[in-house]
Amino acid sequence: ESKTPQLDDLEKGPWPSFVKEMKRAAEKSDMSADLVGLVERSYVDKIGHWKHGGIVGVKGYGGGVIGRYTDLPEEFPNLKEFHTMRVAAPSGWFYTTEKLREICDIWERHGSGLTNMHGATGDIIFLGTTTAELQPTFDELSEHNMDLGGSGSDLRSPSCCVGPGRCEHACYDTLDMCYDITNEFQDELHRPMWPYKSKIKMSGCANDCVAAAARADISVIGTWRDSITIDQDEVKKYIDEGMDVKAEVVDKCPTRCMAFNAETGELTLNPRECNRCMHCVNRMGKAVKQGKDKGATILVGAKSTIVKSAFMSWVLVPFMKMEAPYTEFKDLVNRIWDWWDENGKTRERLGETIYRVGMGEFLRGIDLPAVPQMVYRPRSNPYVFWQPDEVEQTEAPEATE
Ligand code: SRM
Ligand code: SF4
């Protein structure tokens, strides 16, 4: 009779099962064998048998390792210590098979052999090793040009969409930028020094495939500042293929900035109202193309639920050119972190600090002028308060009929 009836159930069905992988690893490692037993036990008891406690890590770094211990060490002695290591992944998660083998071999030598490819922040997660094995694992990773990622109150591993590696919509080189800023902010990544964590995520366009707007304190989302272009001949081809341009494109435009003349088959645009959402480009990419003057919008504040609640990020800089060496971006990020470090309370994310002290305070603190794009509804929301000395007296406009 099986010792793991609960887990066996999770092997049924057509999808890949983590149980199968755990059982395979258990053939090679006592740690993974105990893990199979502990997870089975957790399903029976309906409680996770893990606890935190004690700071563990590697020399010179404060982040990258999460201490894990079971609360049933007598029953599962090989899980007395079962720390996770976060290993920085390449931009866009492109690997050679050779590199993947190296990674797996290192981990089989030093830990459970089980990985999580990839963790939700984007790292390669090494699941489970002892305190004694942490440094040797790190040393071997370093020999293979690999590094740990972030954890604790530091910069978490920056992450990006595949961008120009595979996607025509990329408005800047997300892969290059992710690699560049990871190198630039090594100190911030490895040495926790802030009120809490900070995340930077880069998407090449407003489709936001890396979901930066929902989960990064600083989100960099590709856009353009000139107008999209429309190729009328290509529009006609879509119509010939049966597309209802009005229903599928024009009526779904969030700002209603497009118009379609059913008689002539012409699609037109009021560029001033376009908010570059990508819907029309996604729907009829051969006819509607992004503008040529490309860069990114910088947004701030997204995070999950602790302290205040979940936040989506909001616009800080409507448009910034995003080209190596990304000096303007790096300067801005340093100013933001300095301000947050000074003003943030423990466990408060950037968005929460801004929420508590106010956007005006924040903007003055980082020396950035307010612009209407920062305001959700500029004409109805008195979100930005002007200092008296910033207000310029102008003549009232002439009344018109
Ligand atoms: Fe997370 C806390 C695991 C990505 C929001 N997260 C934790 C703790 C430390 C909680 C705990 O004690 O169990 C977990 C450590 C587990 C361990 O032993 O390693 C944990 N978070 C993870 C990972 C490993 C889950 C995974 O397997 O994918 C992810 C990191 C892997 C990686 O580096 O790739 C992970 N956590 C995220 C994300 C997604 C992201 O980064 O895009 C979020 C939402 C975005 C955000 O940062 O807000 C996230 N984790 C949190 C939060 C809430 C933070 C907040 O300000 O609201 C906590 C804190 C808590 O729960 O107390 C947290
Ligand atoms: Fe392509 Fe945009 Fe998605 Fe990046 S976010 S992969 S550029 S569609």
Side-chain angles (χ1 to χ4, degrees), residues 18 48 50-53 56 63-70 81-89 91-93 114-129 148-175 177-178 189 194-224 276-279 281-282 285 290 294 296 301-313 322 344-353 355:
F18 72 96
W50 298 108
K51 57 174 187 168
H52 281 295
V56 285
V65 181
I66 318 276
R68 277 283 151 193
Y69 310 81
T70 179
E81 295 164 348
F82 193 78
H83 313 315
T84 42
M85 298 183 85
R86 296 182 177 177
V87 181
S91 286
W93 305 287
L114 288 165
T115 61
N116 165 12
M117 302 284 279
H118 294 85
T121 308
D123 290 302
I124 302 161
I125 309 292
F126 280 179
L127 291 163
T129 194
L148 292 189
S151 73
S153 296
D154 64 7
L155 167 64
R156 298 303 180 84
S157 310
S159 123
C160 65
C161 73
V162 289
R166 240 178 341 126
C167 180
E168 64 183 309
H169 295 321
C171 292
Y172 68 98
D173 190 341
T174 52
L175 302 166
M177 183 176 172
C178 187
L189 180 63
W194 291 326
Y196 193 24
K197 61 175 119 162
S198 186
K199 294 183 179 174
I200 303 180
K201 295 189 198 288
M202 288 144 280
S203 279
C205 76
N207 285 332
D208 195 9
C209 292
V210 85
R215 53 197 195 121
D217 303 84
I218 299 170
S219 326
V220 186
I221 300 189
T223 191
W224 57 94
R276 298 159 181 83
C277 74
M278 287 293 293
H279 172 69
V281 181
N282 290 334
Q290 299 164 316
K294 290 177 170 142
K303 56 167 294 287
S304 186
T305 47
I306 311 295
V307 183
K308 270 263 172 291
S309 73
F311 287 0
M312 293 289 281
S313 62
M322 257 334 130
K345 293 184 181 171
T346 306
R347 284 283 234 165
E348 209 174 48
R349 300 283 288 271
L350 172 65
E352 287 159 335
T353 312
Y355 187 87

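For this chain, numbers begin at 1 and follow the sequence in order. Numbering of ligands and ligand atoms starts at 1, following listing order.
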| request: Identify, for atom 31 (C) of ligand 1, the protein heavy atom at the shortest distance, and state residue, atom and that distance. | output: I125 CD1, 3.4 Å

| query | Counting N and O atoms only, with roles assigned by atom type, does the side chain of D123 sit under 3.5 Å from a partner on the main chain of S157, one being a donor and the other an acceptor? | reply | no

| request: Measuring from atom 1 (Fe) of ligand 2, count protein N/O/S atoms under 2.8 Å, please. | output: 1

| query | Which bit of W50 gets closer than 4.0 Å to ligand 1, counting heavy atoms only: side chain, backbone, both or neither? | reply | neither

| task | Among all protein heavy atoms, pick out the one at the shortest distance from atom 8 (C) of ligand 1; state its residue, atom name and that distance to 0.1 Å. | result | R68 NH2, 4.8 Å

| message | Show the atoms of ligand 1 that are less than 4.0 angstrom away from any heavy atom in R215. | response | 39 (C), 40 (C), 42 (O), 45 (C)

| Spatial distance of atom NZ (K199) from atom CD1 (I218) [nearest 0.5 Å] | 13.0 Å

| Between CG of L175 and OG of S91, what distance do you get to the nearest 0.5 Å? | 5.5 Å

| query | Is there a heavy atom of S157 sitting under 4.0 angstrom from any atom of ligand 1? | reply | no

| field | Atom indices of ligand 1, in the order listed, that fall short of 4.0 Å to a heavy atom of N116 | value | 26 (C), 27 (O), 28 (O)

| From N116 atom CG to L127 atom CG, the distance as rounded to the nearest 0.5 Å | 5.5 Å

| said: Is any side-chain heavy atom of Y196 closer than 4.5 Å to one of T346? | reply: no

| said: Is the shortest side-chain heavy-atom distance between K201 and T121 below 4.5 Å? | reply: yes

| Among protein heavy atoms, which lies nearest atom 58 (C) of ligand 1, and at what distance? | Y196 OH, 3.6 Å

| For T305, the ligand 1 atoms whose distance to one of its heavy atoms is below 4.0 Å | 57 (O)

| Of the choices M85, R86, R349, K199, which has the non-hydrogen atom that lies closest to atom 24 (C) of ligand 1? | R86

| request: Starting from atom 5 (C) of ligand 1, locate the nearest protein heavy atom and write down its residue, its atom name and how far away it is, to 0.1 Å. | output: K197 NZ, 3.3 Å

| request: Mind checking the OG1-CD spacing from T353 to E348? Nearest 0.5 Å is all I need. | output: 3.5 Å

| With a 4.5 Å limit on heavy-atom distance, are the side chains of N282 and H169 in contact? | yes

| said: Can you name the atoms of ligand 1, numbered from 1 with element, that are less than 4.0 Å from a heavy atom of A120? | reply: 4 (C), 26 (C), 28 (O), 29 (C), 31 (C), 34 (O), 39 (C), 40 (C), 42 (O)

| query | Roughly how far apart are D173 CG and M202 CE, rounded to 0.5 Å? | reply | 11.0 Å

| request: Quick one: look at D208 and ligand 2, take heavy-atom pairs under 4.0 Å, and tell me if it's side chain, backbone, both or neither. | output: backbone

| query | Taking only heavy atoms of K201, which atoms of ligand 1 are found under 4.0 Å from at least one of them? | reply | 40 (C), 41 (O), 42 (O)

| At what distance is the nearest protein heavy atom to atom 19 (O) of ligand 1, and which residue and atom is it? | T84 OG1, 2.9 Å

| Under 3.5 Å: N/O of G122 near N/O of ligand 1 | yes

| task | Measure the shortest side-chain to side-chain distance between I125 and R86 over non-hydrogen atoms and say whether it is less than 4.5 angstrom. | result | yes

| field | Residue, atom name and distance, where the atom is the protein heavy atom closest to atom 44 (C) of ligand 1 | value | S304 CB, 3.8 Å

| request: Out of V307, V65, I306, indicate the one that has the non-hydrogen atom closest to atom 60 (C) of ligand 1. | output: I306

| query | Among K303, K308, K345, whose side-chain hydrogen bond (donor to acceptor under 3.5 Å, both in side chains) with E352 holds? | reply | K303

| task | For atom 62 (O) of ligand 1, find the nearest protein heavy atom and state the residue, atom name and distance (0.1 Å precision). | result | R347 NH2, 3.3 Å

| said: Starting from atom 30 (C) of ligand 1, what is the nearest protein heavy atom, named by residue and atom, and what distance separates them? | reply: T121 OG1, 3.4 Å

| task | On the 0 to 90° scale, with breaks at 30° and 60°, tag the W93-H118 ring pair as parallel, tilted or perpendicular. | result | tilted

